[in-house]
There are 2 protein chains.
Amino acid sequence: MAKLPKKTVERISQYRRVLAKYQTLSEPFIFSHDLASLLHLNPVQVRRDLMLLGTSGNYRNGYKVTKLLQSIDETLTIPKSTQATIIGMGRLGESLLKHIGSSPVCPVMINSTFDINPKKINTTIRGIPCYDMTRAPEIIKEQKIKIAILTLYTEDIQAIIDILIDAGIEGFINYMAGPIKIPKGIYLKEYDIRTTLEEMSYNIHN
Amino acid sequence: MAKLPKKTVERISQYRRVLAKYQTLSEPFIFSHDLASLLHLNPVQVRRDLMLLGTSGNYRNGYKVTKLLQSIDETLTIPKSTQATIIGMGRLGESLLKHIGSSPVCPVMINSTFDINPKKINTTIRGIPCYDMTRAPEIIKEQKIKIAILTLYTEDIQAIIDILIDAGIEGFINYMAGPIKIPKGIYLKEYDIRTTLEEMSYNIHN
DNA sequence: ATGAACTTGTTAATTGATTAACAAAAAATA
DNA sequence: TATTTTTTGTTAATCAATTAACAAGTTCAT
Ligand SMILES: NC(=O)c1ccc[n+]([C@@H]2O[C@H](COP(=O)([O-])OP(=O)(O)OC[C@H]3O[C@@H](n4cnc5c(N)ncnc54)[C@H](O)[C@@H]3O)[C@@H](O)[C@H]2O)c1
Ligand SMILES: NC(=O)c1ccc[n+]([C@@H]2O[C@H](COP(=O)([O-])OP(=O)(O)OC[C@H]3O[C@@H](n4cnc5c(N)ncnc54)[C@H](O)[C@@H]3O)[C@@H](O)[C@H]2O)c1
């Protein structure tokens with residue numbers, strides 16, 4: 001299938017989670033406007049996304065939830081689960097791990113985490129072990145891990161990034177404060193709540 | 001000044017943090033392409049944003065950092081610090097609080113947090129107290145808090161949201177999993193790392 | 001059976017964001 | 001002094017995302 005627009009992919013991920021919950025209500029069908037209102041979107045946008053997804057609904061009942069979920073699964077889970085890891089199992093890393101683990105279905109799997117703190121190393125959370133950071137290159141190669149979530153606190157992040165890329169990481173989700181350098185071809189998403197706060201503050205006052 | 005585009009406001013917030021760091025290197029000037037590369041942006045985009053901001057640079061040296069920072073401050077800090085609070089001081093709430101507190105300058109202030117767990121209530125982090133959740137309406141009104149960051153874990157979020165809006169909250173930053181209902185006129189930003197993970201996974205494989 | 005009331009699916013129009021293009025300024029160099 | 005280099009500032013062009021418009025299918029009520 002043709003490559004989906006960035007924003008459509010983003011929303012499709014949200015549709016899946018909402019639908020998974022909706023399904024437990026044993027509602028077999030959903031209308032575009034219901035799905036839209038659950039996610040504060042425009043119903044037209046929902047229908048357009050689903051059209052791009054290549055799935056279709058029913059003139060009277062809307063979209064069949066199981067069919068929709070299956071369609072999303074096929075699109076987002078290619079060819080099968082992507083492997084990801086968390087670097088830095090402090091408060092944030094631990095919270096993220098539990099949160100991600102709460103997904104009913106997940107196209108991204110986390111089977112290992114890393115830290116340098118001896119108190120964290122060799123512990124497990126939800127059955128997922130925390131390894132010594134020195135073992136990261138070895139384990140990333142072995143398990144073909146592609147995404148690294150950066151939740152550590154350190155001054156010397158650049159050296160770590162280079163090692164991770166060398167081991168096979170193709171994408172970073174960065175929560176650390178400082179700007180980082182990433183070569184072309186490596187994906188990067190940065191998230192900082194301070195930007196969200198300042199943006200909202202601006203909106204409230206303007 | 002005319003209302004800035006959403007994306008421009010977002011980037012301006014990032015410029016500020018990068019510039020604040022850059023300033024400590026005692027570099028008095030910065031070129032648009034340097035600022036751009038620190039944030040993985042296009043230099044034209046940076047210049048356009050700064051033009052919209054109403055500030056100007058120098059044909060030979062680029063932009064004066066102190067002047068730029070002042071200009072950003074004037075735009076984002078209107079009329080003065082917005083008050084925000086964190087609801088739920090678990091792992092995530094605590095991590096966010098410390099992270100936000102690490103900002104050198106901040107147009108959004110957090111002076112109180114809330115929880116229902118007696119072990120959290122009446123503790124302080126970085127001098128910021130955690131109050132009993134039952135006191136939220138009173139304190140939100142008193143301190144004119146406008147933004148609530150939702151980092152709690154509960155089944156019954158809707159009732160809490162309604163109480164918070166009633167107390168004067170105008171914007172929510174929601175980290176909780178389930179979909180929430182928000183009346184028109186109230187700002188909402190939802191963030192879920194699972195969407196970022198799935199989006200990145202899709203990009204890596206397509 | 002006819003029309004009203006819903007819905008989906010799709011194209012067209014609009015709006016918003018990014019990037020290209022280039023004039024103008026300033027300094028460095030030949 | 002003329003030319004090259006480098007950078008800002010701005011408009012125009014392009015690209016991406018959203019929304020409007022509406023045909024077409026389905027059921028229900030009359
Ligand atoms: N972007 C955001 O919105 C946001 C929000 C909260 C926190 N943060 C940032 O996330 C980071 C973590 O926050 P936290 O509250 O979990 O901090 P924390 O101190 O609780 O955890 C940091 C962890 O990183 C580990 N660590 C340090 N150096 C390491 C290394 N070289 N390799 C592997 N692990 C290493 C530490 O042992 C610790 O366990 C901080 O940089 C913080 O500023 C960002
Ligand atoms: N969106 C994301 O990317 C993301 C990432 C990590 C965690 N989360 C979510 O954030 C939430 C918190 O995660 P955590 O790891 O900090 O969990 P946690 O269990 O450590 O903390 C939850 C806190 O909320 C408090 N709480 C519960 N009910 C409350 C109420 N009615 N009022 C006030 N406080 C209340 C608890 O006492 C506890 O301190 C969870 O819902 C989790 O799924 C989201």
Side-chain angles (χ1 to χ4, degrees), chain A residues 1-15 19 22 27-68 71-72 75 184 188-189 195 199 202-203 206, chain B residues 1-15 19 22 27-68 71-72 75 184 188-189 195 199 202-203 206:
Chain A
M1 190 178 12
K3 198 157 184 258
L4 298 172
K6 220 172 103 68
K7 291 280 181 181
T8 295
V9 173
E10 210 174 301
R11 283 189 296 267
I12 283 174
S13 161
Q14 297 172 324
Y15 297 154
L19 288 170
Y22 195 84
E27 289 277 1
F29 288 90
I30 192 168
F31 292 128
S32 61
H33 59 257
D34 287 329
L35 189 46
S37 97
L38 284 167
L39 289 162
H40 314 99
L41 301 170
N42 185 321
V44 180
Q45 197 163 52
V46 170
R47 290 204 297 277
R48 206 174 196 294
D49 286 340
L50 299 184
M51 180 190 93
L52 293 173
L53 230 191
T55 192
S56 68
N58 180 298
Y59 283 114
R60 196 58 194 165
N61 307 304
Y63 298 86
K64 190 166 187 188
V65 176
T66 52
K67 189 177 158 198
L68 248 185
S71 198
I72 295 175
T75 303
K184 270 221 148 122
L188 170 65
K189 276 267 183 175
T195 292
E199 200 186 337
Y202 179 87
N203 285 331
N206 286 277
Chain B
M1 187 174 18
K3 197 157 185 257
L4 298 171
K6 222 173 101 70
K7 291 279 181 181
T8 296
V9 173
E10 210 174 302
R11 284 190 296 266
I12 283 174
S13 161
Q14 297 173 325
Y15 297 154
L19 288 170
Y22 195 84
E27 289 276 4
F29 288 91
I30 192 167
F31 292 129
S32 60
H33 59 258
D34 288 329
L35 188 46
S37 96
L38 284 167
L39 288 162
H40 314 100
L41 301 171
N42 185 322
V44 180
Q45 197 163 52
V46 171
R47 289 204 297 277
R48 204 172 199 294
D49 285 341
L50 299 185
M51 180 190 92
L52 293 173
L53 228 191
T55 193
S56 68
N58 179 298
Y59 282 115
R60 196 59 193 166
N61 306 305
Y63 297 85
K64 191 169 187 187
V65 177
T66 51
K67 190 176 157 201
L68 249 186
S71 196
I72 295 176
T75 303
K184 270 222 148 124
L188 170 66
K189 276 264 183 177
T195 291
E199 200 186 337
Y202 179 86
N203 285 331
N206 286 275

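Proteins come first, then strands; the chains are lettered A, B, ... in the order of their sequence lines, and each starts at number 1. The structure displayed is predicted, hence computed values, not measured ones.
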Query raised in the report: Between A/Asn61 (CG) and C/dG9 (P), how many Å, whole number?
Result: 12 Å

Query raised in the report: Do any side-chain nitrogens or oxygens of A/Arg47 fall under 4.0 Å of OP1 or OP2 in C/dT8?
Result: yes

Requested in this report: Side-chain contact test, heavy atoms from C-beta onward, threshold under 4.5 Å: evaluate it for B/Tyr15 versus B/Leu41 and give yes or no.
Outcome: yes

Query raised in the report: Are any of the side-chain heavy atoms of B/Tyr202 and A/Ile12 separated by less than 4.5 Å?
Result: no

Query raised in the report: Could you give the CZ-to-C1' distance, from A/Phe29 to D/dT27, as a whole number of Å?
Result: 14 Å

Query - Nearest-angstrom distance from the residue atom CD of A/Gln45 to P of C/dT10 - result: 17 Å

Query raised in the report: Does A/Asp49 or B/Leu50 map to a spot on DNA chain D nearer the 5' end, using the closest nucleotide for each?
Result: B/Leu50

Report summary line: Taken to the nearest whole Å, CG/B/Leu52 to C1'/C/dT18 is 12 Å

Query - Atom-to-atom span, CG of B/Leu4 to C1' of C/dG16 - whole angstrom - result: 14 Å

Requested in this report: Take atom NZ of A/Lys7 and atom P of D/dT18, then tell me their distance rounded to the nearest Å.
Outcome: 6 Å

Query raised in the report: Rounded to the nearest 0.5 Å, how far apart are CZ of A/Phe31 and CG of A/Asn58?
Result: 9.0 Å

Requested in this report: Compare the minimum distances between each of C/dA17, D/dT8, C/dT10 and the side chain of A/Met51, then state the nucleotide with the smallest one.
Outcome: C/dT10

Report task. Grab the NE2-C1' distance between A/His40 and D/dT18 for me, whole Å please. Result -> 18 Å

Query raised in the report: Expressed in angstrom and rounded to an integer, what is the separation of A/Ile30 atom CD1 from C/dT8 atom P?
Result: 10 Å

Query raised in the report: Which is true for B/Ser32 with a 4.0 Å heavy-atom rule: it touches a base, it touches only sugar-phosphate, or it touches nothing?
Result: sugar-phosphate

Requested in this report: For B/Ser56, report the nucleic acid contact type (base, sugar-phosphate, nothing); a contact means any heavy atom under 4.0 Å.
Outcome: sugar-phosphate

**Report entry** Annotated protein contacts, base or backbone, on nucleotides 23-30 of chain C with a non-hydrogen cut-off under 4.0 Å, one of B, S, - each
**Finding:** -BBSSS--

Report task. Please check the phosphate of D/dA16 (OP1 and OP2 only) for any side-chain N or O of A/Arg48 closer than 4.0 Å. Result -> no

Query raised in the report: Closer to the 5' end of DNA chain D via nearest nucleotide, is it A/Arg11 or B/Phe31?
Result: B/Phe31

Report summary line: Ranking C/dT19, D/dT19, D/dA17 by distance to the side chain of A/Val44, first place goes to D/dT19

Requested in this report: Would you check if B/Tyr63 and B/Arg47 make a side-chain contact, meaning some heavy-atom pair closer than 4.5 Å?
Outcome: yes

Query raised in the report: Can a side chain N or O of B/Asn42 be found less than 4.0 Å away from OP1 or OP2 on C/dT19?
Result: yes

Report task. Would you check if B/Glu27 and B/Val65 make a side-chain contact, meaning some heavy-atom pair closer than 4.5 Å? Result -> no

**Report entry** Distance, nearest 0.5 Å, that separates CD of B/Gln45 from CG of B/Leu50
**Finding:** 11.0 Å

Query raised in the report: Below 4.5 Å, heavy atoms only, C-beta onward: do A/Leu188 and B/His40 meet side chain to side chain?
Result: yes

